[in-house]
Amino acid sequence: MINKSVVFLARKYLSGRKTRGIGKAHYLCLIGITLGVLSLLCVTSVMNGFRLDIRNRITGTFAEIRISAKGGETIKGYSAICNQLQDMKFSASPVIRNELLLKYDSVVLPTLCFGIEPNRHKNVSSLLQKPDTGSKEIIQGLLVGNISPEEFSASGIALGAGLASQLGVYLGDEIQVLSPMFNVPTAFGMIPRIRFLKVQAIFAAGMPEYDQNFSFMGIDNAVFFASYSPGEADYIEVKPFSQMRKNQPLKTLKKAFPDFQIEDWSSFDPNLYSAIRFEKFLMFVIMLFMFIIASFNLTGNLLKMISQKKRELGLLKALGLTDKDLQSLFLVQALFLCSAGIILGLTLGSLLLLIQKYTGIVKLGLGGGNSIILPVKFAFTDYLLITVVAYLITILSVLLPLKRLNKINAVELIKRAV
């Protein structure tokens, strides 16, 4: 228990000649701690926002969960599995992936083409729906065209906006779709699988690399290019009907389908997801160094105070205060400054982030005239982590000044004063 006299003396040392508040000698320490906390909060909240934004774009393009067979095999009889998922309150859509070539006039481009059933896939992916033009985010969905299931399944194809632009095609144009594998035997040798499909829709995925590479075709045409049997698919994309708690859909599906591999959205583009997580950690560490530098000011300030007030401290020891009391005196000062800095930093940081969240003042250019509002997402764990780290660094920064207190000889200082 800290002595009341120690608390009183700590307040007097903090206020200096003032009757209230903090003396000018401590302003630099307080500002440093405030800026350190503010920087940590802003960085973590913005990186959380980027993670959420990327998650929404990936799950809008694909789905939230993917079910596939173990060992890289295909799923056979996907209709029964999709019906079972429907009964479990999940939307499900089978998908066949093919790496194909698209040819229009003299232009030939590669594409990652997904074979789908339009009626089912529109329930798991935003790309087959009309985009929300009122949203502040980049548009994700059908830009032009409308996928009619019968025509699309027979001879239609949907292209990403970037891919359509590079090919120079628009709605109604017929393009040649080729397999890169020469595996069809004829009298003239092996030839690739070829079909002519009509552009029925052009979509935006909200991710430039997706727009430039992705396309969709009917699952029957995908079966033709993949040389699969009817009812066979590479995997099934799944999305719950309503919002569930974090990881609950994944646990439910793993329990219901133990013989299948269940993956969430973070595994769809693992390099991108890992880069975001590493970037958040790296930015947090960099901003943490800024806070550590601010703690050096606190260490220097306390050392200076101990040096200037040696006689006073010696007198206090002579009056009965122990070394532990003197250590508590300076520890209380440091913790008070840290607490004030944390409160100010978190308050100012939250205010700035709220302004950004609701006004979107800061924007980032993506090239091609596109821009994205700097995303922000608050997380209670970040507030808790920043507070704990701030107090821990503060306590470590006062260890050296506290050791100096043990070297104060009260008798010797009083003799010198006399």
Side-chain angles (χ1 to χ4, degrees), residues 61-62 68-69 72-79 93-122 125 127-128 142-205 207-237:
T61 301
F62 302 107
S68 56
E73 299 179 356
T74 59
I75 295 178
K76 298 176 176 63
Y78 60 75
S79 294
S93 175
V95 177
I96 297 176
R97 286 169 54 117
N98 284 307
E99 294 184 8
L100 304 174
L101 297 174
L102 304 180
K103 184 177 185 298
Y104 183 75
D105 290 339
S106 59
V107 181
V108 180
L109 292 174
T111 180
L112 182 57
C113 190
F114 301 93
I116 59 169
E117 293 182 358
N119 286 333
R120 281 178 166 167
H121 205 74
K122 67 182 181 181
S125 174
L127 299 190
L128 304 186
L142 292 178
L143 298 179
V144 291
N146 188 13
I147 294 179
S148 57
E150 296 79 10
E151 184 181 351
F152 181 81
S153 297
S155 60
I157 189 169
L159 304 177
L163 187 59
S165 176
Q166 293 179 70
L167 283 172
V169 298
Y170 199 66
L171 294 182
D173 290 338
E174 192 174 61
I175 62 176
Q176 191 176 3
V177 184
L178 308 91
S179 170
M181 304 295 294
F182 286 72
N183 53 5
V184 179
T186 66
F188 303 99
M190 304 295 286
I191 63 171
R193 296 178 183 270
I194 302 173
R195 281 198 175 172
F196 290 88
L197 302 179
K198 188 176 293 185
V199 178
Q200 193 172 347
I202 296 175
F203 62 84
M207 303 274 281
E209 59 271 29
Y210 292 174
D211 288 338
Q212 295 172 8
N213 292 284
F214 287 0
S215 60
F216 292 94
M217 63 168 55
I219 198 165
D220 292 336
N221 288 321
V223 166
F224 167 75
F225 283 106
S227 301
Y228 286 172
S229 302
E232 195 173 358
D234 288 324
Y235 54 84
I236 298 174
E237 292 188 351

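None of the values given here were measured: they were computed from a predicted structure.
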If you look at every heavy atom in [X] and [Y], which pair is closest and at what distance?
X    : Y    : result
L100 : S179 : CD2-CA, 4.0 Å
I75  : A69  : CG1-N, 3.9 Å
N221 : A154 : ND2-O, 3.4 Å
I202 : V199 : CG1-CG1, 4.2 Å
L127 : L142 : O-CD2, 3.2 Å
P118 : S153 : CD-OG, 3.9 Å

What is the distance from atom [atom1] of [X] to atom [atom2] of [Y], rounded to the nearest 0.5 Å?
X    : Y    : atom1 : atom2 : value
I157 : R195 : CD1   : CZ    : 12.0 Å
E117 : Y78  : CD    : OH    : 4.0 Å
F225 : I194 : CZ    : CD1   : 8.5 Å
E73  : S68  : CD    : OG    : 11.0 Å
I175 : K103 : CD1   : NZ    : 11.5 Å
L159 : S165 : CG    : OG    : 11.0 Å

Donor-acceptor contact below 3.5 Å, side chain [X] vs main chain [Y]:
X    : Y    : value
T111 : N213 : yes
S125 : T61  : yes
D211 : A205 : yes
Q200 : F152 : yes

inquiry  = Taking the side chain as everything from C-beta on, heavy atoms only, tell me whether E174 gets closer than 4.5 Å to S155.
reply    =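 A side-chain contact under 4.5 Å is absent here.
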Heavy-atom side-chain contact between V108 and L102 under 4.5 Å
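No, too far: nothing below the 4.5 Å cut-off.
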With side chain to side chain contact (heavy atoms under 4.5 Å, CB included) as the test, would you mind laying out the steps for V223 and E232 before giving the verdict?
CA-CA 8 Å; V223 166; E232 195 173 358; over 6 Å; no
E99 atom CD: more than 12 heavy-atom contacts under 6.0 Å:
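Incorrect, the count does not exceed 12.
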### L109 vs Y104, side chain to side chain contact (heavy atoms under 4.5 Å, CB included): CA-CA, chis, key distance, verdict
CA-CA 9 Å; L109 292 174; Y104 183 75; over 6 Å; no
Could you label the plane-to-plane angle of the F214 and F114 rings as parallel, tilted or perpendicular, counting under 30° as parallel and over 60° as perpendicular?
->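 Rings of F214 and F114: perpendicular, over 60°.
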(Q) Ring-plane angle category for F62 and Y210, please: parallel below 30°, perpendicular beyond 60°, tilted otherwise. (A)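 Perpendicular: the ring planes of F62 and Y210 meet at over 60°.
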Worksheet item: Please walk me through it: do I96 and D234 pass side chain to side chain contact (heavy atoms under 4.5 Å, CB included)?
Response: CA-CA 5 Å; I96 297 176; D234 288 324; 3.7 Å; yes
With respect to S93, which candidate in R120, E237, H121 satisfies the side-chain hydrogen bond (donor to acceptor under 3.5 Å, both in side chains) definition?
->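 Running side-chain hydrogen bond (donor to acceptor under 3.5 Å, both in side chains) over R120, E237, H121 with S93 returns exactly one hit, H121.
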- Under the side chain to side chain contact (heavy atoms under 4.5 Å, CB included) criterion, do K76 and S229 qualify, and how do the steps go? CA-CA 9 Å; K76 298 176 176 63; S229 302; over 6 Å; no
